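Right, one structure below, let's go through it.
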Amino acid sequence: MCLAIPGKIVEMDALNAQLAVVDVVGVRRKVDLGLLAEESVVPGDWVLIHVGFAMSKISETDAADQMQTLMILGESAAAMEEVQGYGLENEVSANEEPGPLS
Amino acid sequence: MKYVDEFRAPELIGKAGEEIRRLADSKRHYRIMEVCGGHTHAIYRFGLKDLLPENVELIHGPGCPVCVLPMGRIDDGLSLTAKPEFIFAAFGDMMRVPGTHGSPLEYKARGMDVRIVYSPADALKLARLNPKKHVVFFAIGFETTAPSTALTIIRAKSEGLTNFSVFCNHVTIIPAIRAILDSPDMRLDGFVGPGHVSTVIGCRPYEWIAQEEGKPVVVSGFEPLDILQSIVMLLGQLRNGESKVENQYKRVVPWEGNRAALRAMAEVFELRPYFEWRGLGFISQSALKIRSAYGEWDSEQRFTVPGVRVTDPKAAQCGEVLKGVLKPSQCKLFGRECTPEQPVGALMVSSEGSCAAHYNYSQHKPVTIASAAAV
Ligand code: SF4
């Protein structure tokens, strides 16, 4: 829950301007952009995600650094579990193939 | 983007270690508190203590929200599962935390409807998917997660979704630091400030620590180099007789914080007059409650909870460990009655808890800088 997970915005949600699809190491999930209301967020931007909400915009280098931090902390599996769980995916569509991890 | 499995700038890590030795006055003993549980985890994981001279001591702070939550709050939250129409939703971190009559996971095993969610937004989604049920979201965390809970409550209100409420345990970091500084058995020289909390609150809220208490604060990232650089910055200030707030984690933390997040929190939450922290006791204005304008989405305003206070098992010394007065291994239960598999206290559950970190990295060798350089 305290982990910040780096992800890349790939597309804005067509129906809800507050949501966007992010890619975290190949896993795509919707995250909420409501806490970045003061910034413009466009596809291609990198963000740090906490509990399903994009919390800050960061550079691509910093995103790589943050993913590296999670890995060396031994927390990257927990982070991917968190991302895969966004949108209740584990619960509602448990049969879906998880995305690649690398 | 390339994901690399090694430390950033290993050669600089060695340099930072040397710099720490150079700056630390051999006649002084330094006690530096890392406030955030994420830092505690990183310090154990990387064996950073081995890189520090003996007179630079790191004290683990109260920044693990799961660890500081008193058991009574878990009992209160779980009491709501007694009604069959209730779904109890919480982050995975909470699931194994013991309450008086078991952890959320044990309640689930007994047939209560307990679900893991990874986002408050998903607890709200559960409510949408289960219109005949009432979803209680057990909210926990410092300012890192509180804005997301706030925004979720705003969304619930704007959708008019009333089968959803939040059992709010959000706490704020500044009053906890104040309580530690006020505690007579605690002597500290400076703080490694929390990284991700500061993304939200910025660096200004720490200024009183530097100005009134005369203790330097350096907001820090989580990599070994970040933490060591922060210690260099703290020792540099102490050597020059300075005390100011510095931001080592500029690449992520803006000085002013995240205004949209602060706005969402101010809209939904107000300060509780006081709140109990495990180990630290009651701290005034240290936790958030939901404003009456959003009372319909507050489990405590809508339903009756017992409001129990439970003292920790007698031999458990979670409080002393949380305050930094005892080391984890000095608790009589450590590694015997209390292990990550069979936790007695919350500090043994969360990976950010100092007991779990100490247990895990005294059993398995930490990933030291030397071993990582060899990868
Ligand atoms: S070892 Fe267990 S009981 Fe003792 S302080 Fe740590 S968590 Fe609490």
Side-chain angles (χ1 to χ4, degrees), chain A residues 1-6 8 16 18-19 23 25-26 29-39 46 48-76 78-79 81-92 101-102, chain B residues 1-8 36-38 41-42 45-46 63-66 91-94 115-122 125-126 129 140-142 144-145 147-149 151-152 154-155 195-197 199-200 221-224 226 251-254 258-261 263-264 351-352 367 372:
Chain A
M1 130 185 82
C2 301
L3 300 175
I5 303 170
K8 184 182 189 172
N16 185 342
Q18 306 269 23
L19 300 178
D23 182 299
V25 206
R29 289 290 182 274
K30 278 188 192 156
V31 296
D32 199 305
L33 299 181
L35 299 174
L36 285 179
E38 300 229 336
E39 315 206 28
W46 291 85
L48 280 184
I49 306 156
H50 280 278
V51 295
F53 289 71
M55 199 61 106
S56 39
K57 252 170 87 166
I58 51 170
S59 71
E60 178 169 356
T61 317
D62 295 338
D65 277 351
Q66 176 62 15
M67 190 41 93
Q68 184 183 330
T69 306
L70 292 177
M71 277 182 184
I72 60 183
L73 271 174
E75 292 283 1
S76 52
E81 186 188 316
E82 174 171 332
V83 172
Q84 280 170 346
Y86 288 162
L88 302 176
E89 301 273 344
N90 290 345
E91 171 138 350
V92 178
L101 274 172
S102 56
Chain B
M1 177 162 122
K2 219 176 108 221
Y3 297 106
V4 274
D5 194 7
E6 59 192 25
F7 292 107
R8 192 161 56 96
C36 166
H41 180 184
R45 169 100 183 162
F46 304 131
C64 159
V66 174
F91 293 143
D93 312 53
M94 275 312 301
R115 315 270 185 110
I116 297 179
V117 290
Y118 293 92
S119 167
D122 291 335
K125 187 170 175 183
L126 270 181
L129 293 173
I140 186 167
F142 286 95
T144 332
T145 52
S148 307
T149 303
L151 201 55
T152 301
I154 293 173
R155 300 263 151 84
H196 294 132
V197 162
T199 316
V200 174
F222 295 87
E223 287 188 46
D226 291 324
R251 58 187 200 272
V252 171
V253 172
N258 177 332
R259 284 196 302 198
R263 233 186 2 251
S351 68
E352 299 188 347
V367 191

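Chain naming here is simple, since letters A, B, ... match the order of the sequence lines and numbering starts at 1 in each. Please read these numbers as outputs of a predicted model, since none were measured by experiment.
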What is the distance from atom NE2 of B:His196 to atom CD of A:Gln66, rounded to the nearest 0.5 Å? 4.5 Å

Considering all heavy atoms of both residues, which atom of A:Ile72 and which atom of B:Phe46 are nearest to each other, and what is their separation? O-CE2, 3.4 Å

Which atoms of B:Ala264 come close to chain A, meaning under 4.5 Å heavy atom to heavy atom: side chain ones, backbone ones, both, or neither? side chain

Measuring from atom CD of A:Glu75 to atom CZ of B:Arg45, what distance do you get when rounded to the nearest 0.5 angstrom? 8.5 Å

Please flag which part of B:Val200 lies under 4.5 Å from any non-hydrogen atom of chain A: side chain, backbone, both or neither. side chain

Using heavy-atom distances under 4.5 Å, tell me whether A:Glu39 contacts chain B through its side chain, its backbone, both, or neither. neither

Minimum heavy-atom distance between B:Ser148 and A:Val51, given as atom pair plus value: OG-CG2, 3.7 Å

Donor-acceptor side-chain pairing of B:Tyr118 and A:Glu81 below 3.5 angstrom: yes

Applying salt bridge (charged side-chain N to carboxylate O under 4.0 Å, His left out), name anything that partners A:Asp32, two or more places apart in sequence or on another chain. B:Arg155

First locate atom CG of A:Leu35, then atom OG1 of B:Thr199, and finally report the distance between them rounded to the nearest 0.5 Å. 11.5 Å

Exercise: identify the closest heavy-atom pair between A:Phe53 and B:Leu151: CE2-CD2, 3.8 Å

Hey, are the side chains of A:Ser56 and B:Val252 touching, using non-hydrogen atoms and a 4.5 Å cut-off? yes

Nearest heavy atoms of B:Asn258 and A:Met55, plus distance in Å: ND2-O, 3.0 Å

Sort A:Leu48 into side chain, backbone, both or neither according to what part of it lies under 4.5 angstrom from a heavy atom of chain B. side chain

Residue pair A:Glu38, B:Arg263: steps toward the side-chain contact (heavy atoms from CB on, under 4.5 Å) verdict: CA-CA 11 Å; A:Glu38 300 229 336; B:Arg263 233 186 2 251; 2.8 Å; yes

Of all the heavy-atom pairs spanning A:Ala37 and B:Ala260, show the shortest one and how long it is. N-CB, 4.0 Å

Please step through side-chain contact (heavy atoms from CB on, under 4.5 Å) for the pair A:Leu88 and B:Leu129, ending with a clear verdict. CA-CA 11 Å; A:Leu88 302 176; B:Leu129 293 173; 3.9 Å; yes

In terms of heavy-atom pairs under 4.5 Å, which option from A:Ser59, A:Gly52, A:Ala78 contacts chain B the most? A:Gly52

For the student: nearest non-hydrogen atoms of A:Gly87 and B:Lys125, plus distance: O-NZ, 2.8 Å

Euclidean distance, B:Glu223 CD relative to A:Leu70 CG, rounded to 0.5 Å: 9.5 Å

Taking salt bridge (charged side-chain N to carboxylate O under 4.0 Å, His left out) as the test, write out the residues that go with A:Lys57, two or more places apart. A:Asp45

